[in-house]
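The figures here come from the full heavy-atom set of this structure, side chains too, leaving out hydrogens, waters and symmetry mates. Nothing here was measured: the structure is a model prediction, and the numbers come from that model.
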Amino acid sequence: MEEEDAHLHPPSSNHNDVVLNLPDLHASHSQPQHENDKKDTLLLAYKTLGVVFGGLVTSPLYVYPSMPLNSPTEEDYLGIYSIMFWTLTLIGLVKYANIAIKADDHGEGGTFALYSLLCRHFNIGILPSKQVGLNSSRATETHTWLTKLFETSLVARRLLLFIAMLGTCMLIGDGILTPAISVLSAMDGVRAPFPSVSKSLVESLSAIVLIFLFLLQKFGTSRVSFLFSPIMGAWTLCTPLVGIYSIVHNYPTIFKALSPHYIFQFFWRNGKSGWLLLGGTVLCITGSEAMFADLGHFNPRSIQIAFLFTIYPSLVLTYAGQTAYLIKNPNDHNDGFYKFIPTPVYWPIFIIATLAAIVASQSLISATFSVIKQSVVLDYFPRVKIVHTSHYTEGEVYSPEVNYILMVLCVAVILIFGDGKDIGNAFGVVVSLVMLITTILLTLVMIMIWRTPVILVSLYFCVFFVMEGVYVSAVFTKFAEGGWIPFAISLILAFIMFGWFYGRQRKIEYELTHKITFKRLEELLADCSVQRVPGLCFFYSNIQDGLTPILGHYIKNMKSLHKVTIFTTLRYLLVPKVAPHERIVIKKSNLKGVYCCVIQYGYADALNIEGDDFVDQVINSLKIHIQNCPDNLSPDSQEIEEEVSGLEEARSAGVVHVRGKTRFYIGLNCGWFDKIMLSFYEIMHSNCRSGLPALGVSLQQRIEVGMLYEA
């Protein structure tokens, strides 16, 4: 679909614009109304255990098995534990729980939220991000040298967009690898009490569990989500208790490794092999990005409380217990989790571990659906079907196409790369790159928006960029041993996103160049052969500073236009949510019966207006606009009544939705780059979903107008 597509071009400012107050159809049910209410905050902190921290708190299942250890000594294990402790402390506690969590974009977090935050404050995005009625702080910003660089350099802006896209692609890759490695590592516990069970059988059982999990996605998680937090709470409580038991019985002085000098000794003693081990230790912080990315469903305080008082001490004690056991049993590192579980509690821990792995997988699958939805509504990804599986939780979405692609890829990763080390290498690439991207974007936010003192910015950047850069360099050495998996996935996704984005931009450029002005429309209607026929027509357009060129094509061939025609644009903005009173913007033209309507949504809003409800809301908004139009300084009540009755008559005569179905004409004069990218775009466009079904428009009310755009 063309003309109903949502874009980020800002509605033009005009004194005729009227912003209408509508009921909020998308009120958030996840954030408490009173954030300072301790009970609500503690309840939210409890809920974060099942949603936010699933990937992070289950990491002990696969960290040690992912390390390529070779005859490790006591000093090696102390050094590894010291690295993991300081990684959790600096990246988890300092960076994410105390710095990144403050860089939200209207309550939303994640790498794309950082990008949109920068675009909202400065004109540095590829796409404009201003919007009608929403306050912008750009006018009061004083520009730094860095801001001027981005505003004047198209290359710098494209590089910033690429970094944000890469972070998004890596998060989607995380949605493939987390279920694979979590479930596979949990199910591997069957082999300890039953050595006869083969590795291939464990892989097959893991694939069956994942297939079952993906098949349940269409029902949503509302019915079972109440179990998520108790399961993760049990896991978070049980593993440190086992860890304490292991410390007492195996190596009571393990906490001497908290001294950083063990890290220096480790690298001094092991050199390059110690550096390569970082590819496994980085997995101890996997899932920490969720603290920032899931801000939209919780508040910062609840996430900080949960991490500081439950997740952080749980991980520190669990890894201490594992390390204490391995110091006494140095060759058990390939099964570093289940081997340190005492026999009497083995099966209860196995059951909790399997359930916790499934919950962790569910969290990442749900996050992937949300990221895809945001990418679709912002026009960075081809349209796929988005289903809201809950009437109460707006963020709970499901996409059938994405779900089954994820299922196939997850099962393929397990069956083809069943070795936990290979999947761990792939996982390490995702974890380290997402952390590095967040550090880069956070540094830009500190310099350009927060105006943090140079000394503090330099300290932050040097510590975290160097630390995460070393991790990235280590995981890159594992490229041939599984590290290529996320790169292949991200490359394919990035090519899809860029191809779609490029094609959409070229169409917008063509439409803006060949747009129909209202003066030209008046000339077309002045032709005696063009009739104004009864009925109400929604004519979908991508542009607002003028009318779509398809309109001229339509009038010349149909020789008619409906008596009431509403040029409608669905506009997704670079903000998470649009206030309900700014949702619909109406503008009246100088032509009788011709109106412009903009429906504004943020990337975290749900477009769930359907069929007649959509028509009702627009008609009601038009009536309010006609009665309160600023031009009516001395309104004639009879004229107003006639115009309002004309709307009702047009609706009674029939409603029709007209959209363009355009394609590029790729001629011989096109360059090779355009030929490749636009041909790829046309393939995607021919196979993606139409946008009109999202509004519940019946087939009988749709008209498609075909037109070729010259590339």
Quick check against the 3.5 Å criterion: does Asp527 have a side-chain atom that pairs as donor or acceptor with the backbone of Glu523?
no

Heavy atoms from other residues, nucleotides or ligands near NZ of Lys675 exceed 12 (cutoff 6.0 Å): yes

Residues Ser589 and Val594: closest non-hydrogen pair is OG-O, 2.8 Å

Tightest non-hydrogen contact, residues Val430 and Met170, listed as CG1-O, 3.4 Å

Point to revise | Side-chain donor/acceptor of Thr168 to backbone N/O of Ala164, under 3.5 Å | key: yes

Closest non-hydrogen contact found for His514 with Pro549 is O-CB, 3.3 Å

When Tyr502, Phe501, Trp500, Phe680 are each screened for ring pair (Phe, Tyr, Trp, His ring centres under 6.0 Å) with Phe495, the one that passes is Phe680

inquiry  = Could you check whether any side-chain N or O of Arg157 sits under 3.5 Å from a backbone N or O of Glu151, counting only pairs where one atom can act as donor and the other as acceptor?
reply    = yes

Separation between OG1 (Thr111) and CD1 (Ile440), nearest 0.5 Å, reads 11.5 Å

Legend entry - Lys623 side chain near Ile619 side chain, heavy-atom distance below 4.5 Å: yes

The reported gap from CD in Gln531 to CG in Leu525 (rounded to nearest 0.5 angstrom) is 11.0 Å

Under 3.5 Å side-chain donor-acceptor pair for Lys515 and Thr548 | no

Is it the case that atom CD in Glu522 sees more than 12 heavy atoms from other parts of the structure closer than 6.0 Å? no

Exercise for review: Please work out which of the three classes, parallel, tilted or perpendicular, describes the rings of Tyr540 and His657, given edges at 30° and 60°.
Suggested key: parallel

Are more than 12 heavy atoms from other residues, nucleotides or ligands located less than 6.0 Å from atom NZ of Lys559? yes

Cationic N near anionic O, under 4.0 Å, Glu648 to Arg651:
no

- Query: Does the side chain of Ile666 reach to within under 4.5 Å of the side chain of Ser679, using non-hydrogen atoms?
  - Reply: yes

**Message:** Any side-chain to backbone donor/acceptor pair from Asn403 onto Ser399? Under 3.5 Å, distance only.
**Reply:** no

Inset, instruction - State plainly whether the residues Glu682 and Arg663 are in salt-bridge range, i.e. N to O under 4.0 Å. - result: yes

Fill in: Side chain to side chain, Val618 and Thr568, heavy atoms closer than 4.5 Å
no

Margin query: Tell me whether Asn669 at atom CG has more than 12 heavy atoms from other residues, nucleotides or ligands lying less than 6.0 Å away.
Written below: no

Side-chain touch Leu160/Phe150, heavy atoms, less than 4.5 angstrom:
yes

| request: For residues Leu146 and Leu444, determine if any side-chain heavy atom of one lies less than 4.5 Å from a side-chain heavy atom of the other. | output: yes

Check: Between Asp674 and Cys670, is there a donor-acceptor pair closer than 3.5 Å when you use the side chain of the first and the backbone of the second?
Finding: no

Phe162 atom CZ, neighbour heavy-atom count above 12 within 6.0 Å:
no

Rounding to 0.5 Å, atoms CG (Leu524) and CG (Leu547) come to a distance of 10.0 Å

Thr368 and Gly175 have their tightest heavy-atom pair at OG1-CA, 3.3 Å

Looking only at heavy atoms, the pair that brings Ile516 and Leu521 closest together is CG2-N, 4.0 Å

Check your understanding: Is Lys507 positioned over the aromatic face of Phe664, cation under 6.0 angstrom from the ring centre and no more than 45 degrees off axis?
Key -> yes

Would you say the side-chain atoms of Arg383 pair up with the backbone N or O of Val376, donor to acceptor, closer than 3.5 Å?
no

- Task: For the residue pair Val615 and Phe538, establish whether any side-chain heavy-atom pair is separated by less than 4.5 Å.
- Result: yes

Shortest non-hydrogen pair, Pro486 vs Ala426, comes out as CG-O, 3.3 Å

**Item:** Side chain to side chain, Ile489 and Ile176, heavy atoms closer than 4.5 Å
**Value:** yes

CG of Leu114 to CG of Leu441, rounded to nearest 0.5 Å, is 5.5 Å

Exercise. Say whether, by atom type as modelled, one donor and one acceptor occur between the side chain of Glu582 and the main chain of Gln600 under 3.5 angstrom.
Key: no

ask   = Heavy atoms, side chains only, cut-off 4.5 Å: are Phe369 and Gln217 in contact?
value = yes

#### Entry: OH/Tyr665: more than 12 non-hydrogen atoms of other groups inside 6.0 Å
no

d(Leu166 CG, Ile437 CD1) to nearest 0.5 Å is 4.0 Å

Arg506/Glu511 salt bridge by N-O under 4.0 Å criterion:
no

